[in-house]
Amino acid sequence: MRSLKNSKTWLFLYQEKKSSSLNDKDIILVSTPKSGTTWLKAIIFSLVNRSTFPDTKQNHPLLTTNPHVLVPFLELNLFLPSKSKLVIPNLISSSIPSNNYDSNPSLFSTHLPYVSLPESIKTSPCKLVYLCRNPKDVFISLWHFTNRLRPQNLAKNTMEESFEKFCNGVSLYGPFWDHSLGYWEVSLECPEKVLFLNYDKIKKEPFLHVKKLAEFLGFPFSLEEEANGDVARILELCSFDNLSNLVVNKSGRLSSGEENKTFFRRGEVGDWINYMTPEMAERLDSLVEKKLHGSGLEF
Ligand SMILES: Nc1ncnc2c1ncn2[C@@H]1O[C@H](COP(=O)(O)OS(=O)(=O)O)[C@@H](OP(=O)(O)O)[C@H]1O
């Protein structure tokens, strides 16, 4: 986090002028990388746009468009292109890269830690949905992802070296525990502003958490919708099996270059057990426990 604050790359986020405002109803999905962002982007998009796209089998944007296109990253898709001019883009719906499916309300996402969020986001009434996941699965997912993105002529990142960095808090968006703790604390202070979600819990009780999410976002499911199977249809549309088998996600690419299929691997809870030694698991568990001690946040 300290390095993020000092980093020139992020300077423009701090120089933000008050005039670059968000619409009050906009929604920002925040996540620690590899915690299921792609999944939650799909769920939030389908939730808030369900009256425009009620049919999840035909003509639904998610059937032909990767969730990262529908819910762009602030720091990757919106801020970065204007970085050279140090101009802060106006965060209103018209700044969404054209994808023919503008959402109402506008949906954005970010991996930025709370401490690095621009003031306009912190002070605006727009809602933040935070997603985290158990750190052992996050690490394994991240390790696979970085190796998949690595040019073929370079040696793969070893598990040992990557694990050492992760445990030392050397991560692109800051240490895992600081990231989660930052949003956890705000979610306790301002529950109407930040909803704190956990991938593992959504996996366990998807209906409960999707309904809670819909309520938080101001798009609650009516009893009629529930009886009609609308929650189930959204969950099915956004399921790992469904999304990962769509042509767009098997063969497409983001404009930033990543293949869409790199965002889909196993989509399960507990896959860490197939890769980490018991010693590694114990080390990470006790490290995270120590860092989160007294906060009430547990994995
Ligand atoms: N629909 C759906 N359902 C459940 N799980 C899913 C889904 N889509 C992606 N995934 C899994 O999420 C992991 C990728 O995390 P992110 O989407 O956060 O990646 S990123 O930060 O946006 O790069 C990665 O987890 P691992 O399989 O453990 O590597 C993906 O497989």
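Computation of the quantities below employed the complete heavy-atom set of this structure, encompassing side-chain atoms and omitting hydrogens, waters and symmetry-equivalent molecules. These numbers were taken from a predicted model, which means no experiment stands behind them. Remember, it's 1-based here, ligands and their atoms both numbered in the order they're listed.
Taking the ring centre of Phe221 as origin, the terminal cationic atom of Arg50 falls inside the region bounded by 6.0 Å and 45° from the ring axis. The side-chain tip of Lys41 points at the ring of Phe73 from less than 6.0 angstrom away and within 45° of straight on. A cation-pi arrangement, defined by a distance under 6.0 Å to the six-membered ring centre and an angle within 45 degrees of its axis, is absent between Lys34 and Trp143.
For the salt bridge (charged side-chain N to carboxylate O under 4.0 Å, His left out) test, residues two or more places apart in sequence or in another chain that qualify with Lys211 are Glu226.
The two residues Arg253 and Gly257 come nearest to each other via the heavy atoms NH1-O, 2.7 Å.
No single ILVMFWY cluster, assembled from side-chain heavy atoms under 4.5 Å apart, contains both Leu70 and Val247.
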What are the polar N/O contacts of ligand 1 with the protein below 3.5 Å, with distances?
| from | atom 1 | to | atom 2 | distance (Å) |
| --- | --- | --- | --- | --- |
| ligand 1 | 1 (N) | Cys238 | O | 2.9 |
| ligand 1 | 1 (N) | Phe240 | N | 3.4 |
| ligand 1 | 5 (N) | Tyr199 | OH | 2.8 |
| ligand 1 | 15 (O) | Gly36 | N | 3.4 |
| ligand 1 | 17 (O) | Thr37 | N | 3.2 |
| ligand 1 | 17 (O) | Thr38 | N | 2.8 |
| ligand 1 | 17 (O) | Thr38 | OG1 | 2.5 |
| ligand 1 | 18 (O) | Lys34 | N | 3.2 |
| ligand 1 | 18 (O) | Ser35 | N | 3.1 |
| ligand 1 | 18 (O) | Gly36 | N | 3.0 |
| ligand 1 | 18 (O) | Thr37 | N | 2.7 |
| ligand 1 | 18 (O) | Thr37 | OG1 | 2.5 |
| ligand 1 | 19 (O) | Lys34 | NZ | 2.9 |
| ligand 1 | 21 (O) | Lys34 | N | 2.9 |
| ligand 1 | 21 (O) | His111 | NE2 | 3.2 |
| ligand 1 | 23 (O) | Lys34 | NZ | 2.9 |
| ligand 1 | 25 (O) | Arg133 | NH1 | 3.2 |
| ligand 1 | 25 (O) | Ser141 | OG | 3.4 |
| ligand 1 | 27 (O) | Arg266 | N | 2.7 |
| ligand 1 | 27 (O) | Gly267 | N | 2.7 |
| ligand 1 | 28 (O) | Arg133 | NH1 | 3.4 |
| ligand 1 | 28 (O) | Arg133 | NH2 | 3.0 |
| ligand 1 | 28 (O) | Arg265 | NH2 | 3.2 |
| ligand 1 | 29 (O) | Ser141 | OG | 2.6 |
| ligand 1 | 29 (O) | Arg265 | NE | 2.7 |
| ligand 1 | 29 (O) | Arg265 | NH2 | 3.4 |
| ligand 1 | 31 (O) | Arg265 | N | 2.9 |
| ligand 1 | 31 (O) | Gly267 | N | 3.4 |

